[in-house]
Amino acid sequence: MLHIKPIINTLMRSKSGPILLLIQIILSVAIVANASFIIGERLALMDRESGTVEEEVFDFRLYAFDSSIDIESQSLRDMRAIRELPGVIDATTTSMVPLSGGGWSSGYTIGSSEETAKDTENAANYYGDDHMVNTFGVDLIEGRNFYETEILTGSPDLATHAIVSKAFAKATWGDESAIGQIMYAGDWGDKPLQIIGVVDKLQGAWVNSSYLDNSVILNVRLVNVFTKVLVRAEVGTLAQLKEAIPAVLHKDQPNRVIEGFTLISEHRKRVYRNHELMATVLSMMVILLLLITSLGLAGMVMFNIERRTKQIGTRRALGAKRRDIISLFLVENYIICIVGGIIGGLVAVQLGQQLMTLYSLPKLELIYPIMTVAGLMVLTTIAVILPARKAASISPATATRSV
């Protein structure tokens with residue numbers, strides 16, 4: 001049976017090595033716990049669903065530089081021509097694209113009277129027609145889509161009906177149904193909008209926004225020389241449609257520039273690139289820190305073997321078994337890890353508070369320091385047990401030959 005006190009005394013007699021390892025473990029726990037938490041948070045952000053069928057939906061830009069073009073009638077002909085192309089499921093014009101990093105957003109006003117009026121959370125504004133829901137591939141879970149006769153053409157101020165995302169409906173009306181509710185695009189009583197449908201999920205363009213899941217689809221087909229078009233097509237048909245769409249649109253009206261064919265899935269990769277880079281760099285740092293800590297412990301054990309060869313041989317000569325020698329070094333490792341882990345966990349929590357204050361990060365969950373300490377215990381056990389087995393193989397005769 002190993003006694004803890006003699007082992008602690010042995011560690012205290014040679015303070016420099018254990019103290020350096022203790023500091024290393026404290027720093028490793030503090031940094032690895034917070035880094036792992038940030039990695040987990042970034043991966044969770046990147047894993048959020050946009051609500052659209054990202055591999056099927058792409059957008060492109062259309063610029064009509066000929067002032068004689070009737071944009072309204074031309075846009076209607078363009079949409080009909082695109083929808084008739086092989087592989088196309090649906091198409092619509094839009095004011096913005098999910099996960100693109102740019103677009104339209106605003107808050108609204110709700111309330112039964114001017115006295116009870118209050119502002120809503122901000123939401124992404126998608127101006128489109130009765131084809132937009134199907135083009136996005138979002139799930140309409142309550143209410144209905146726009147009727148074709150409800151679609152207006154022109155200015156955003158013309159909007160009269162809206163389809164909202166479930167997140168926006170929940171934030172605005174709570175558990176009450178959003179269907180039939182009235183909200184105002186301006187002050188109370190100004191530009192009323194009736195809610196006619198709710199989609200399960202539709203994200204906006206800004207992935208770092210706390211209102212990413214708040215979206216509103218409005219019944220206006222915008223008229224502009226710069227037009228953004230959304231197309232939903234069968235997977236794998238983008239390459240051929242990149243050629244077919246400009247061909248069919250230029251056939252009808254050649255005085256236009258058509259460019260920027262991009263899948264929503266490609267927008268996702270681009271807009272989350274910094275998050276991915278951060279997760280990658282932090283992952284490499286975590287691996288490096290754990291490797292250095294493990295090598296440090298393994299090095300200390302190997303040094304102790306050389307320094308305490310005679311002591312180990314004497315223990316063996318007095319009847320200590322191999323497993324007793326291995327246990328000796330493991331217990332030394334666990335003492336350093338537990339002490340360093342407790343102090344490191346406290347430092348990790350404090351560091352997490354500072355990061356939360358300075359960079360608006362969520363509060364560090366305690367499971368991360370706990371799992372970091374547990375992981376270090378396992379990792380350092382593996383690192384220590386190999387040189388400890390070497391120490392256990394030292395014969396009493398070899399160790400005490402010069403005594």
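The figures that follow rest on heavy atoms only: side chains count, while hydrogens, waters and symmetry mates do not.
Within a 6.0 Å sphere centred on CD of Glu276, heavy atoms belonging to other residues, nucleotides or ligands number 12 at most.
A donor-acceptor distance shorter than 3.5 angstrom exists from the side chain of Thr262 to the backbone of Gly260, with no hydrogens or angles considered. Using a distance-only test at 3.5 Å, with no hydrogens or angles considered, a donor-acceptor pair links the side chain of Asn219 to the main chain of Thr160. Under a 3.5 Å cut-off, the side chain of Trp104 and the backbone N or O of Ser95 do form a donor-acceptor pair.
Using a cut-off of 4.0 Å between Lys/Arg side-chain N and Asp/Glu carboxylate O, Asp47 and Arg42 are scored as not salt-bridged.
Under a cutoff of 6.0 Å and an axis angle of 45°, Arg144 and Tyr147 form a cation-pi pair.
The aromatic rings of Phe58 and Phe261 sit tilted relative to each other, their planes meeting at an angle between 30° and 60°. Tyr63 and Phe226 have parallel rings, their planes meeting at less than 30° on a 0 to 90° scale where 60° marks the start of perpendicular.
Looking at heavy atoms from C-beta onward, Thr92 lies out of side-chain contact with Arg232 at the 4.5 angstrom threshold. Tyr368 places none of its side-chain heavy atoms less than 4.5 Å from the side chain of Asn34.
Aromatic rings of Phe136 and Tyr126 (six-membered ring for Trp) have centroids within the 6.0 Å cut-off, being under it.
No hydrogens or angles considered: a donor-acceptor pair under 3.5 Å links the side chains of Ser73 and Asp70.
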